[in-house]
Each structure stands twice: as C-alpha cells, then as structure tokens.
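Encoded as structure tokens, the structure appears first; notes follow it.
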Number of protein chains: 2
Amino acid sequence: MNAQIEDILKRNQLSVTSGRVKILELFLGSAGALSHGDIEKKAGERFDRVTVYRTLQVFLEKGIIHNIPTSDNSIRYALCKDNCHAGHHHDNHIHFVCNDCGNTICLENVTIPPVKLPKGFTSTQVDVVVSGICKECK
Amino acid sequence: MNAQIEDILKRNQLSVTSGRVKILELFLGSAGALSHGDIEKKAGERFDRVTVYRTLQVFLEKGIIHNIPTSDNSIRYALCKDNCHAGHHHDNHIHFVCNDCGNTICLENVTIPPVKLPKGFTSTQVDVVVSGICKECK
DNA sequence: AATATTTTGCAACAACGTTGCAATTTATTA
DNA sequence: TAATAAATTGCAACGTTGTTGCAAAATATT
Ligand SMILES: [Mn+2]
Ligand SMILES: [Mn+2]
Ligand SMILES: [Zn+2]
Ligand SMILES: [Zn+2]
C-alpha cells in the first residue's frame, strides 16, 4: 500500500481502512476536485454511500481535504497540500471551474487577492471561484 | 400592488402572478440573500414547493436574481440591482457570509478584485465569497 | 366575453443526505 | 500471536431536496 497514504492517515490519528485508503487514492490520482458523486462512481460498488459521506466529513474535519463552493448544489473536495489542520487551513489559492469539461481545479499558484471589507466586517475565509475555459479545453 | 414589482415582471415578459409577486416582495423586503428554503418558510403555506423552484429558475434565467455559491449545499439568491439579462450579469460585487447570524449579503460597494490566471485559462465569471463576522454581529 | 397562452398544484418519483445499531475491521494489550 | 478494546462499516430506515408530466386554474390576448 502507498506509504504516503498511510502516513496521511496516521498523522491524523485515523485508522487505516480500505475505504479511506481508496478515497485518498482517488484524490491523489485525480487532476481536479471530486464531488461526493464522483467518488461514489469511481470507487465502484465496493463502498456504501454512507461510508463515503462519513469519510469526507472526517477528512474535512482533520484538514486533509478542503471544499470548494459551487452554485449547483454539488460541493467539490480537493486534497490540502499544506499542513492544514481542523478548521485551520493554510491553503490560499483560487479555484477554477471549466464550463466545458466541468473540471474543478485548484490553481495552487494563484493566491487569493486581498479584499477590503467595509468597516465593521471581519473575515476568516475568502473563497474565490473563477469559471471559464480551462487550458485543456481552449 | 407594488408598481416596482409589476414593472420588474413586465420588463422581463413574465406574467404577473401572485407567486412571483410574493417572492419578489420577499427579496425586496430582505436585507440579505435567500435560499430556496428561506423562501418556502417565509412565503407560508400558500405556494407549492415546485412553484418556488420554477420561479427561482425563471428569475435566474431572466437575470432578475443572481446566485451565490456556498459550501453547504444551499444556494442563496439575491436581487440583481443593475439591469442584468439572461446569462449576462453586470453585478460585480463580492458576497459576505456571517458565521454568527448566518446572513449572506451582497457587498455592493466592494468590487471583485482582478485575478491573474495562468496562461491558457480564460474567465467568464469570478465569484468571491468572504466569510467572517458581519457588522451587526461584531 | 371568448379564446389562447402561461402558470400552478398535485402526484409520483429520483437523488441526496442523516441516524441508530449490530457486525466487522482495525488497533492495542497482554 | 492471541485476546480484548476501540473504531469503522454496512444496512435499514427515514427525512429532505429537487425533477417531471399533466390536468386544472390563472393570466394575457383578441
Ligand atoms: Mn483547492
Ligand atoms: Mn449579490
Ligand atoms: Zn476544461
Ligand atoms: Zn452576522
């Protein structure tokens, strides 16, 4: 089994189970972000829907993955590259959704631009989601 | 009946029906954005769920409202201030989600910052959603 | 007022998401 | 390694959310 995957799980005090390993494999092997549905399809029949829900939730809590807001009721998830922790992410990149291929990707090299809020507002997180045509589909 | 509301509908070649009027009243009377669920609750028992879905869809297509992406599977909608048209919005503001009161508001005065994309990517829309504590909850 | 067009509500359904609990799997201890 | 403790999984059952077809009702047009 992939040592990197085992390391991710152990580092986060999670039991190494076939379901979690499989889902991490999917993330590591995927160019873009994955929705719950994507994972269910790609994982085959082997895992119960509920297990996928619970696994994503745990990964999110531990800071192993982060989620990407959408306007179509299908949250996408992607691996955190940095050492993120529960509710304390260091990811600071924007996300791109291709209107052609549908892929959602992390643009790791494009940092979140500064946003000046009106007086009285404080911000804890800024999400930037750009949609358009990706490099591959151009 | 509110003349402004009738005007919005007529301008968009939509029949003036009690459901559409009611939903526009809700938007005009609300400080923040509304989810489908919010509208169903606030509208009372008077309208069928399906009518709310269809109305929001039509309003979206006509450019009467715009939607705000979220990470919790509950899209929010807000009135377009400018003269937006089907798939051709002029709104160029960011959105703020308060972690305390839960309100989602359009910050009309905060424009979307420029985002420099990697070579090969083209953008048609940029969504910025800031979460934190709002002016009221501070 | 009569007719044509559009919208609505209902019913039925599909997809998505949640919870409790017993069985299984994984981790820990001896 | 075997026994035990702890955590995870699958199942079943359920609730919520979103979609579609169609006849009835409302609205717009003549
Ligand atoms: Mn990302
Ligand atoms: Mn807005
Ligand atoms: Zn693409
Ligand atoms: Zn607030």
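All chains are named by letter (A, B, ...) in the order of the sequence lines, taking the proteins before the strands, and each is independently numbered beginning at 1. Given the structure is predicted, the values throughout are model-derived calculations rather than measurements.
In this pair, B:Tyr53 and B:His36 present their aromatic rings parallel. The plane angle is below 30°, not in the 30 to 60° band.
Rounded to whole Å, the distance from OH on A:Tyr53 to P on D:dT16 is 15 Å. We find that CG of A:Asn12 is positioned 16 Å from C1' of D:dA7, with the value rounded to whole Å. Here C:dT7 presents its C1' atom at 15 Å from CG of B:Leu56, a figure rounded to the nearest Å.
Of the candidate nucleotides D:dG10, D:dA13, C:dT8, D:dG10 has the atom lying nearest to any side-chain atom of A:Thr51.
A:Lys42 has its side chain within reach of A:Leu34: a pair of non-hydrogen atoms, C-beta onward, lies under 4.5 Å apart. Side-chain atoms of A:Leu14 and A:Ile64, non-hydrogen and from C-beta on, do get closer than 4.5 Å to each other. Using a 4.5 Å heavy-atom cutoff, the side chains of A:Lys119 and B:Lys135 are not in contact.
Classification of B:Asp100 and B:Lys138 as a salt-bridged pair fails, no side-chain N sitting under 4.0 Å from a carboxylate O.
For D:dG10, its base never sits under 3.5 Å from the side chain of A:Arg49 at any donor and acceptor pair.
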- If the sugar-phosphate is the primed atoms plus P, OP1 and OP2 and the base is the rest, what is the B/S/- string for nucleotides 19-30 of chain C, using protein heavy atoms under 4.0 Å? BB-----SS---
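When the local axes at the two ends of the helix from C:dA1-D:dT30 to C:dA30-D:dT1 are compared, using 5 base pairs at each end, they differ in direction by 30° after rounding to 10°.
In this structure, B:Asn73 does not reach the D:dT17 phosphate: none of its side-chain N or O atoms is under 4.0 Å from OP1 or OP2.
Looking at A:Ser35 and A:Asp38, their side chains do bring a donor and an acceptor atom within 3.5 Å of each other.
Applying the 4.5 Å side-chain rule to ILVMFWY residues, one finds A:Ile68, A:Val129 in the same cluster as A:Val97.
Grouping the Ile, Leu, Val, Met, Phe, Trp and Tyr side chains by contacts below 4.5 angstrom, directly or via other members, places A:Leu107 apart from A:Tyr77.
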